[in-house]
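When a ligand or atom number is given, it counts from 1 through the structure's own listing order.
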Amino acid sequence: MRYLTFALAKGRLAEQTMDLLERIGMPCEEMKEKSRKLIFVNEELGLKIFLAKTSDVPTYVEHGAADIGVVGKDTMMEEDRNIYEMLDLNLGKCKMAVAGLPEMREKMDKCHTLRVATKYPKIATDYFYHQKQQTVEIIKLNGSVELAPIVGLSDVIVDIVESGATLKENGLEVLEEICPLSARVIVNRVSMKMEHERIMSVIDQIRKLIKEEEK
Ligand code: PRP
C-alpha cells in the first residue's frame, strides 16, 4: 500500500489535527513521544505525517510531497498555491484585520500613500489595491507586527487578531475587518485522482466528527 502523507503546520494546529486523526481511527503513537523528529509513520495504516513550518505546508502539498495538508486560511491566501481546499476544520478561528492607533480610523482613507506593515504582503495588497482601490506602501515584517505603528514604521498593520489582547495591550485597535480565518484541509490535485477513495474517506470521517461536535 502506498503511504498517505500528511503535512501539518508545526504547533497547536498539528496537535489538534492529530487528535482528530486519532478519533477517526488513524493514530500515530510515535508522535506522542517528545522528540525533535519531524516525520512519523504508522506502518499498519500506511500513514506518514510530517511537521513543517506553517507557510511551507501549501508548498509541500502543491508539489505532491504531501497528499493532504492542514493549514490556516491566512497561509493559503498568502501562498496562493494550486491545490484543492477541501474542508473547514473550524479550528484556530480568528480574523485578518487592518489595525492601528485609534486616530487612524479617520485618517486612513485620506492618507496619500498609507504605509502598511504586515507578515502578509499578498493579502494586504489584494485588500488595499483590489478591494479598496487605495494606493499603499507595503512593508514586509516577520513578526511582532504590532510594533510598527507604535514606533512609526507604518500607519497601520494587516495582521491576525485572535483574542485582541496583543492589540489592546499595545494601544491599538481593529480599524477594518478583512476576513474570518480558520484551519483548512488541503489536498494535492494529482493525489485527489490517484488516491480519491482513501482521501475522501479521511475527509468524510473528519467532516462527520466535526458535525457531531457542533450539535
Ligand atoms: C499572532 C498575530 C498577533 C497575535 C494575535 O502573532 O500576528 O500578533 O498572534 O493574537 P491575539 O489577538 O490573541 O493577541 P504570533 O503569536 O504568531 O507571533 P508573531 O507576531 O511573532 O508572528
Is there a donor-acceptor contact under 3.5 Å linking the side chains of Tyr3 and Glu43?
yes
With the threshold set strictly below 4.0 angstrom, can you tell me whether any protein non-hydrogen atom sits that near atom 16 (O) of ligand 1?
no
Distance below 4.0 Å between atom 4 (C) of ligand 1 and any protein heavy atom?
yes
Which atoms of ligand 1 sit under 4.0 Å from any heavy atom of Ile160?
2 (C), 3 (C), 5 (C)
Show the atoms of ligand 1 that are less than 4.0 angstrom away from any heavy atom in Gly164.
11 (P), 12 (O), 13 (O)
Would you give the length of the straight line joining atom CZ of Phe40 to atom NZ of Lys32, rounded to the nearest 0.5 angstrom?
12.5 Å
Point-to-point distance, once rounded to the nearest 0.5 Å, from NZ of Lys140 to OG1 of Thr118:
8.0 Å
Begin with the C-alpha distance, continue with both residues' side-chain angles, and end with the deciding distance and a verdict on side-chain contact (heavy atoms from CB on, under 4.5 Å) for Val187 and Val61.
CA-CA 6 Å; Val187 175; Val61 174; 5.6 Å; no
Tell me: protein heavy atom nearest [atom], and distance?
atom	answer
atom 8 (O) of ligand 1	Glu146 OE2, 2.6 Å
atom 14 (O) of ligand 1	Thr166 OG1, 2.4 Å
atom 1 (C) of ligand 1	Lys119 NZ, 4.6 Å
atom 13 (O) of ligand 1	Ser163 OG, 2.6 Å
atom 21 (O) of ligand 1	Ser144 N, 3.3 Å
atom 7 (O) of ligand 1	Asp159 OD2, 2.7 Å

Please step through side-chain contact (heavy atoms from CB on, under 4.5 Å) for the pair Glu79 and Val71, ending with a clear verdict.
CA-CA 11 Å; Glu79 291 296 316; Val71 74; over 6 Å; no
Answer yes or no for Glu169: is there a heavy-atom contact with ligand 1 below 4.0 Å?
no
Determine, step by step, whether Val161 and Leu167 satisfy the side-chain contact (heavy atoms from CB on, under 4.5 Å) criterion, reporting the C-alpha distance in whole Å, the side-chain angles of both residues, the deciding distance to 0.1 Å, and the verdict.
CA-CA 8 Å; Val161 180; Leu167 290 182; 3.7 Å; yes
For the 3.5 Å polar cut-off, considering only N or O atoms, please tell me whether Val145 and ligand 1 meet it.
no
Heavy-atom check, side chain of Asp80 versus side chain of Lys122, under 4.5 Å
yes
Are Arg198 and Glu195 close enough, and set up right, to give a salt bridge (Lys or Arg N to Asp or Glu O under 4.0 Å), and what steps lead you there?
CA-CA 6 Å; Arg198 272 173 100 192; Glu195 295 287 337; 3.4 Å; yes
